[in-house]
Amino acid sequence: MANSRRTFLKQAAGVTAAHFFNVAQGATGQAAPVIGNPGWYDRPMRWAQLAFVEDDPGNYDLAFWLDYFQKIHADAACLSAGGSVAFYPTEIPRHYRSKWLGNMDAFGDILHGCRKLGMNVVARTDAHAAHQDIYDAHPDWIAVDEKGNKRRHPSDPDFWITCALGPYNFDFMTRVHEEVMTKYTPDGIFTNRWAGSGMCYCEHCRQNFLAFSGLNLPRTHDPQDPARRQYLVWHEQRLFALWRLWNEKIRAINPNASYLANAGGGALSDLDMKTIGELAPTLFADRQARSGLTVPWANGKNGKEYRATLGRKAIAGIFSVGLEEKYRWKDSVQSGDEIRLWVADGIAQDLRPWFVKFNAKPIDRRWLPVVEEIYQWHYANQNYLRNERSFARVAMVYSQQSASYYGGDDARAKVEDPALGFYQALVEARIPFEMVHDQLLDPEHIDRFKTLILPNIAALSTRQCEQIRAFVGSGGSVVATYETSLYDEWGVRRKDFGLASLFGASFSGEQGPMLNSYLSLQRQSHPLLTGFEDATRIINGVHCVKVTVVDSGTTSPLLVVPPYPDLPMEEVFTTPPTTHQPGVVVREVGHGRVVYFPGDIDRTFWDVLDVDHGKLLRNAVLWATNEPAPVTVEGKGVLDVSVWGQKSSMTVHLVNLTNPMMMKGPVREVIPLANQQVSIQVPEGRRVARVRLLVAGGDAHYRREHGAVHLTVPSIGVHEVVAVDFG
Ligand SMILES: [Zn+2]
């Protein structure tokens, strides 16, 4: 399956990164991805995961868990089978059995119990660690660090870290998966930590990479280094080959089952989400809770990123009931309200809940009634949670190729932070929005949106730029920032923006980081400056590109005030600039509108959270979108808003993020929001039969006016769902 260097070079000549991803799919000779398998995957609405620890067999209360699963209406379970520790009587040599297993079959017993409850069951394996006897028999299966040392497990010295890309996964774990499938025919196999633990320099990785690229494994993270660039392609190709191999072997035994990878994410994840969207019949976002400064809407963001490439396939959000900090308190239980808020934001963005608990002998039981309450509400309202479409008209693009080839080691700061800043601005503005993958900018995926946001989507191919221009040509609008389209798909700088003609501006130089720079508001009134009537200037971003306006149809209601001394205080003044650098370039193109910010306003907003930047980004999206919003919500507080259609209803989710610690994760108490004025556009041809509040319970008073439903939501605790039933 190794690609020859000649093949690689042939591929490299003038093809896009996206094309590489597609070529990689052919790795095992399987042309068509596993799609169109309706199977069982859309059935489960609520998942339960019990991850055994080694001493669980014989020491935990099976009846208690089966009773709990039934009580919370969990309709699928993920249960530990094997890999680093086997919880069933395996016959594979050196497949380590739990020392507590004896003659028991812990995995089989709980699997059969769950089946009797009518649950789907997925077997969990773990591929990242192996015992000493594996090391002794197959030293080449162990991961090797940059200095050539085999890697001992950092937290448990009884284990070694395995190489994900060599025979441990391709041979040994394949046999484990075949044995589990043959003995138990579960509905799928879900593998924890299957994709490796960072760079591996073992003999297999060295040889396979050499055969693929003609090069030695890179020792730099610079994406412009030829070996590093080819490594990114090879590494991904190898993992997708493994995914396909396991999937084939599993389906050869049970055609209704699949390999279910623990994979995926946003711009910073290293496996192409478009390919994952084609391969995976369902996918689970493994972002278990906040850590440090994680904001509570981060869980919902997973839902948007996954949906961008999985479409209507079921997606679930894995949440833990404990703290997810770097200090690894795996037996902890966090506050009930924090669990409620994290899960509610996932549900509001279409993630089905999946709780995970390690250790089947719970020490601290405070989470049990919290999950029970969430799941019972979810069960009672599940018809309103089977979403068929989002009504959002705004979408934000995310770009893994920008992160890989333009961002490199700085991808978090250069690629993710601008997205987070724009995300925060949209949440504060209560604008419902979706996310779009940059490899899916075709009409089928983006025509349902009016406005595309490009938050420093720096690396775009010529084709992607054409797709964005075509979107505007057919009436769409674009809001873009900073270096969007200034690089090609490999992160190579262009002479000018790929989207220069769309922006109405050409690149003429970089500046930054800038201290003490501003944007002066021009006197002509423009909707972009709504809410700034009493202002003359606001702060600028920190990084900025200089641009030359090339289209006479543009306007620039903001001009850059270049940096001037910030010390000594006597020198903190400036004279009017002689050149006029636009701080924003605004133009109308047919029915579409384009707003381009040369500065990193979105990234700076994430960094500084200046209220003016939030307002400016909101105004830009509202002006570009230029149509009645699908839902508006007025009132005090911070709300994450989403709007969905089901078979014969529509829902508006309102998740209350109002919290003195909103920009930090911890929740101390829920601060209810009073009297939110909600207006919902009803799709044409639909008759409203009634309006209900799914959390408060009962019917809501509403009035109909101009095709919309208007109501007041008197109080929101963590979460409210306005459900509009159609007659
Ligand atoms: Zn290796």
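Since we're looking at a predicted model, the values are computed, not measured. For the single chain, residues carry numbers from 1 onward in sequence order. The analysis underlying the following values was restricted to heavy atoms, covering all of them including side chains, and did not include hydrogens, waters or symmetry mates. All ligand and atom numbering here is 1-based and tracks the order in the structure.
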S.K.: Asp136: what forms a side-chain hydrogen bond (donor to acceptor under 3.5 Å, both in side chains) with it, not counting sequence neighbours?
M.R.: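 By the side-chain hydrogen bond (donor to acceptor under 3.5 Å, both in side chains) rule, Asp136 matches Gln132.
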S.K.: Look at Lys274 together with Glu278 and state whether they make a salt bridge at an N to O cut-off of under 4.0 Å.
M.R.: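 Looking at Glu278 together with Lys274, the answer is yes, because their closest N to O distance falls below 4.0 Å.
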S.K.: Is Lys361 salt-bridged to Asp331, cutoff N-O under 4.0 Å?
M.R.: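 Between Asp331 and Lys361 there is no salt bridge, as every charged N stays at least 4.0 Å from the carboxylate O atoms.
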S.K.: Going by the angle between their ring planes, with limits at 30° and 60°, are Phe107 and Tyr184 parallel, tilted or perpendicular?
M.R.: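 Plane angle over 60°, so perpendicular.
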S.K.: Counting no waters, how many protein N/O/S atoms sit under 2.8 Å from the Zn ion (ligand 1)?
M.R.: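 Those protein atoms number 4 in total.
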S.K.: May I ask you to say whether Glu416 pairs ionically with Arg603, meaning some side-chain N is under 4.0 Å from a carboxylate O?
M.R.: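 No salt bridge links Glu416 with Arg603.
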S.K.: Compute whether any side-chain donor of one residue and acceptor of the other, for Gln464 and Gln401, lie under 3.5 angstrom apart.
M.R.: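 The answer is yes; a qualifying pair exists.
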